[in-house]
Amino acid sequence: MPELPEVETTRRGLDMIITGKRLLAVHVHEARMRWPVTPGLNLILQGKPLLACERRGKYLLLRFEHGTLLVHLGMSGSLRHVQAGEFLRKHDHVEWCFEGVTVRLNDPRRFGAVLWHANDAGPVASHPLLAGLGIEPFDAAFTPQMLHAGLQARSVAIKQALLGGQIVVGVGNIYASESLFAARIHPRTPANRVSPARAKRLHAAILDTLEKALESGGSTLRNYTGTQGEPGAYFDIHAAVYDRENQPCRSCGTPIRKIVQGQRATFYCPKCQRY
DNA sequence: AAATGATCCTGAGAGC
DNA sequence: TGCTCTCAGGATCATT
């Protein structure tokens with residue numbers, strides 16, 4: 001499931017190969033995604049150069065002179081570049097043909113999205129899907145103090161507060177568990193009962209977890225420039241707790257526990273992580 | 001207003 | 001071998 005590091009890696013790969021290039025055609029093979037893919041994309045975008053490839057949360061923002069294309073990978077989506085004339089694979093839903101480079105969105109579960117936002121509709125930051133997002137974790141304005149303040153305003157479990165994305169974006173289900181383990185905070189701790197000192201630890205843990213994942217994305221990044229092009233939706237994550245139920249904690253050996261919070265699996269070490 | 005639950009979808013894996 | 005069943009998850013939306 002693409003989390004922020006995967007999306008950022010994808011963004012960098014795309015940026016290298018298509019930014020500045022002219023879009024020759026867009027082919028929508030399957031419009032039924034999280035929302036219907038914006039109709040008439042080809043007419044909207046044909047012949048336009050891609051000005052920039054940005055990211056907000058897990059949304060990729062492809063900037064054109066007259067608007068922005070929002071692309072979300074959902075939980076099973078991936079973008080890969082293909083050789084001209086390569087056969088369509090199953091679940092290749094949208095295809096962008098740039099000068100010399102073709103990029104395809106493959107998304108088996110179709111939880112992803114491809115939506116056009118014209119400049120006429122206002123700044124893309126005020127798009128309904130982006131307006132409510134929390135701060136970017138790598139933004140210098142994301143401080144321990146800010147994290148603590150955001151947590152103070154909520155009574156839900158810390159795990160769910162992180163996952164919600166209203167405080168800070170990009171901490172998905174895997175990294176929420178991993179960050180809380182690194183910060184030694186029990187996932188069920190009410191958010192508003194996390195002390196400033198622990199919020200500081202959590203802040204550092206979030207950055208550290210995301211940065212490490214981003215580093216390991218290097219191998220995936222290379223695939224965007226190479227000829228093979230096999231991005232793989234998943235990083236090879238050396239998880240401390242995620243998906244390790246009953247396996248020994250890497251720190252103390254205690255069996256890792258799995259619980260469910262808000263219909264989502266959470267993994268933690270009952271000894272290392274405290275309320 | 002915040003918190004909770006339902007929902008979209010397909011592939012993987014379990015169980016028979 | 002092959003069928004059926006359950007589960008997974010990001011994020012929005014409806015409901016409490």
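In what follows, every chain begins at residue 1, and chains take the letters A, B, ... in the order their sequences are listed. What you see is a predicted model; the values in this text were computed from it and never measured.
Among the nucleotides dA2(B), dG11(B), dG9(C), the one closest to the side chain of Ser155(A) is dA2(B). Relative to the side chain of Glu3(A), the nucleotides dG10(C), dA8(C), dT12(C) differ in distance, and dG10(C) lies closest. Among dA3(B), dG11(B), dG9(C), the nucleotide with an atom closest to any side-chain atom of Met75(A) is dG9(C). Closest to the side chain of Trp35(A), out of dG11(B), dT12(C), dA8(C), is dT12(C). Each of dA11(C), dT12(C), dT10(B) was ranked by its minimum atom distance to the side chain of Leu129(A); first place goes to dT12(C). Set against dT12(C), dA8(C), dA6(B), the side chain of Lys258(A) has dA8(C) as its closest nucleotide. Counting only heavy atoms from C-beta on, Lys58(A) has its side chain closest to dA11(C) among dT12(C), dA11(C), dT4(B). The side chain of Arg34(A) sits closest to dG10(C) out of dA3(B), dC9(B), dG10(C). Comparing dG11(B), dA6(B), dA11(C) against the side chain of Gln263(A) picks out dA6(B) as the nearest.
Within 6.0 Å of atom CZ in Arg257(A), 12 or fewer heavy atoms from other residues, nucleotides or ligands are found, so the atom counts as exposed in its surroundings.
We find that CG of Leu130(A) is positioned 15 Å from C1' of dG10(C), with the value rounded to whole Å. With rounding to whole Å, Asp243(A) atom CG is found 15 Å from dC7(C) atom P. Going from atom CD1 of Ile158(A) over to atom P of dA3(B) covers 12 Å, rounded to whole Å. Following rounding to the nearest Å, Arg89(A) (CZ) and dG11(B) (P) show an atom-to-atom distance of 15 Å. Put simply, CZ on Arg110(A) is 19 Å from P on dT12(C), counting in whole angstrom units. One interatomic measurement links the two molecules: CG of Asn192(A) to P of dA1(B), which rounds to 19 Å at whole-angstrom precision. One interatomic measurement links the two molecules: CZ of Arg109(A) to C1' of dT6(C), which rounds to 13 Å at whole-angstrom precision. Taking atom CZ of Phe267(A) as the reference point, atom C1' of dG9(C) lies 12 Å away to the nearest angstrom.
Checking the phosphate oxygens (OP1, OP2) of dT10(B), no side-chain nitrogen or oxygen of His91(A) falls inside 4.0 Å. Residue Tyr175(A) places no side-chain N or O under 4.0 Å from the OP1 or OP2 atom of dG10(C). For Lys90(A), no side-chain nitrogen or oxygen approaches OP1 or OP2 of dT10(B) to under 4.0 Å.
The pair Lys21(A)-Glu99(A) does not meet the salt-bridge criterion, since no charged nitrogen lies less than 4.0 angstrom from a carboxylate oxygen. Salt-bridge formation is detected for the pair Arg55(A)/Glu136(A): a Lys NZ or Arg NE/NH1/NH2 atom is positioned less than 4.0 Å from an Asp or Glu carboxylate oxygen.
Each of Ala157(A) and Pro108(A) was matched to the nucleotide of DNA chain B holding its nearest heavy atom; the match closer to the 5' end belongs to Ala157(A).
Within 4.0 Å of Leu163(A), counting heavy atoms only, lies no atom of the nucleic acid at all. Nucleic acid contact class of Ala153(A) (heavy atoms, under 4.0 Å, all strands): none.
Counting distance only, with no hydrogens placed and no angle test, the side-chain atoms of Arg264(A) and the base atoms of dA8(C) include no donor-acceptor pair under 3.5 Å.
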His93(A) and His29(A): CA distance, side-chain angles, deciding distance, ring-ring contact (aromatic ring centres under 6.0 Å, His included) verdict: CA-CA 5 Å; His93(A) 304 317; His29(A) 305 292; 8.9 Å; no
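At a threshold of 4.5 Å between non-hydrogen side-chain atoms, the residues Ile174(A) and Glu3(A) count as touching.
With centroids closer than 5.5 Å and planes inclined by less than 30 degrees as the test, Phe111(A) and the base of dA11(C) fail to qualify as a stacked pair.
Between the side chains of Lys159(A) and Asn173(A), at least one donor N or O sits under 3.5 Å from an acceptor N or O.
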